[in-house]
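Working notes for the structure below.
Below, read A as the first sequence line, B as the second, and so on, with proteins coming before strands; counting in each chain starts at 1.
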Amino acid sequence: MSTTETTAAGIGPVEGAAVYNVDNPAPVIEAPRKRTRKTPKSTRGNFELYGWLFMRLSGVVLVVLVLGHLLIQLVLDGGVSKIGFAFVAGRWASPFWQLWDLAMLWLAMLHGCNGLRTVVNDYAERANTRLWLKALLYTATVFTILLGTLVIFTFDPNIR
Amino acid sequence: MPAGTLYRGREGMWSWVAHRVTGVLIFFFLFVHVLDTALVRVSPEDYDKVVATYKTPIVACLEYGLVAAILFHALNGLRVIAVDFWAKGPRYQKQMLWTVVGVWIVLMLGAIYPVLGHAAREVFGS
């Protein structure tokens, strides 16, 4: 075992004495994955944080919207038996219920889409499988949100 | 328990599993539900025809299952929020799960008559 660098006091580098000084500076050790000019500005944003927060915020709102929806559709006034075109026409005559259903549609679809995105990421092991499952998920989500929104806004009680 | 698994069992893991399973089921129902409601834009007759299937006894039982899934997902979701944002949440996660299960059982008992009543009248006569 040979230690070439020793100080005047005879203390080797292992002991951690002042081997380096102003005239003999320590070599600079670059950090692993050091940011260089070629490194993109940001390799990852805060998307997952916002996704996590959205699940909790939309979840609280959905508890009110969905449980209210279930109460009206399945419990009050004879439950599911009363539901029909006339019932829908009566509810959507009010902007309040239109807005209620619109908010429920958007929040529930985005909440569910993000939930399924997490499930796909967890269980689909091949990158290609994840890509296709998520492409299908996003297509179905966008289609459903747009269709539902269109139906709420263009509903015509006198369609026939 | 197999070696090297991240799954730890007990209340924490099983509530997480149930939250996932109910969440996926609800999402698939939601997709179908928006499609069936979109029929109001086609014609009142087509909409009423499809909604009639929702009133059959078998589908009423499925609706009861849907209510079960939604109520669990909603109540357990509030528990997840409490675990994340309440300082003592993680310490009381088990007690909160059993509270969720208790409230869920009460609500499910209360939902029997409103959701399944009309189906029972149809099957057994009124």
- Message: Need one label for A:V75: side chain, backbone, both or neither, based on atoms under 4.5 Å from any heavy atom in chain B.
- Response: both
- Task: Counting only heavy atoms closer than 4.5 Å, note whether A:D122 contacts chain B via side chain, backbone, both or neither.
- Result: side chain
- Side chains of A:I83 and B:Y54 in contact at under 4.5 Å (non-hydrogen atoms): no
- Query: Side chains of A:M55 and B:V80: closer than 4.5 Å at any heavy-atom pair?
  - Reply: no
- Is the shortest heavy-atom distance from the side chain of A:W92 to the side chain of B:V40 under 4.5 Å? yes
- Name the member of A:V63, A:I152, A:L62 that forms the most heavy-atom pairs with chain B at distances under 4.5 Å. A:V63
- Item | Geometric class of the A:W52/B:F85 ring pair [parallel <30°, tilted 30-60°, perpendicular >60°] | tilted
- Message: Can you tell me which portion of A:L76 sits under 4.5 Å from chain B's heavy atoms? Options are side chain, backbone, both or neither.
- Response: neither
- Query: Hey, what do you get for CZ (B:R20) to CG (A:L116), rounding to the nearest 0.5 Å?
  - Reply: 9.5 Å
- Message: So for A:T154, is it side chain, backbone, both, or neither that comes closer than 4.5 Å to the heavy atoms of chain B?
- Response: both
- Donor-acceptor contact below 3.5 Å, side chain B:D48 vs main chain A:G84: no
- Heavy-atom check, side chain of B:L35 versus side chain of A:F143, under 4.5 Å: yes
- Message: At a 4.5 Å cut-off on heavy atoms, which part of A:V80 comes close to chain B: side chain, backbone, both, or neither?
- Response: both
- Grab the two heavy atoms, one from B:K55 and one from A:S81, that are nearest each other, plus how far apart they are. NZ-O, 3.1 Å
- Query: In Å and rounded to the nearest 0.5 Å, what is the NE2 to NE2 distance from A:H111 to B:H73?
  - Reply: 4.5 Å
- Message: Can you tell me which portion of B:V24 sits under 4.5 Å from chain A's heavy atoms? Options are side chain, backbone, both or neither.
- Response: both
- Message: Is there a side-chain contact between A:L67 and B:I70 in this structure, where contact means two heavy atoms from C-beta onward sitting under 4.5 Å apart?
- Response: yes
- Item | Toward chain B, the part of A:L70 with a non-hydrogen atom under 4.5 Å | side chain
- Task: For each of A:L147, A:V66, A:L150, A:V119, tally heavy-atom pairs with chain B at distances under 4.5 Å, and name the one with the top tally.
- Result: A:V119
- Using the test side-chain hydrogen bond (donor to acceptor under 3.5 Å, both in side chains), find all partners of A:K134 that sit at least two apart in sequence or belong to another chain. A:N121
- Item | Side chain to side chain, B:F27 and A:L137, heavy atoms closer than 4.5 Å | yes
- Proximal component of A:L57, with respect to chain B [non-hydrogen, under 4.5 Å]: neither
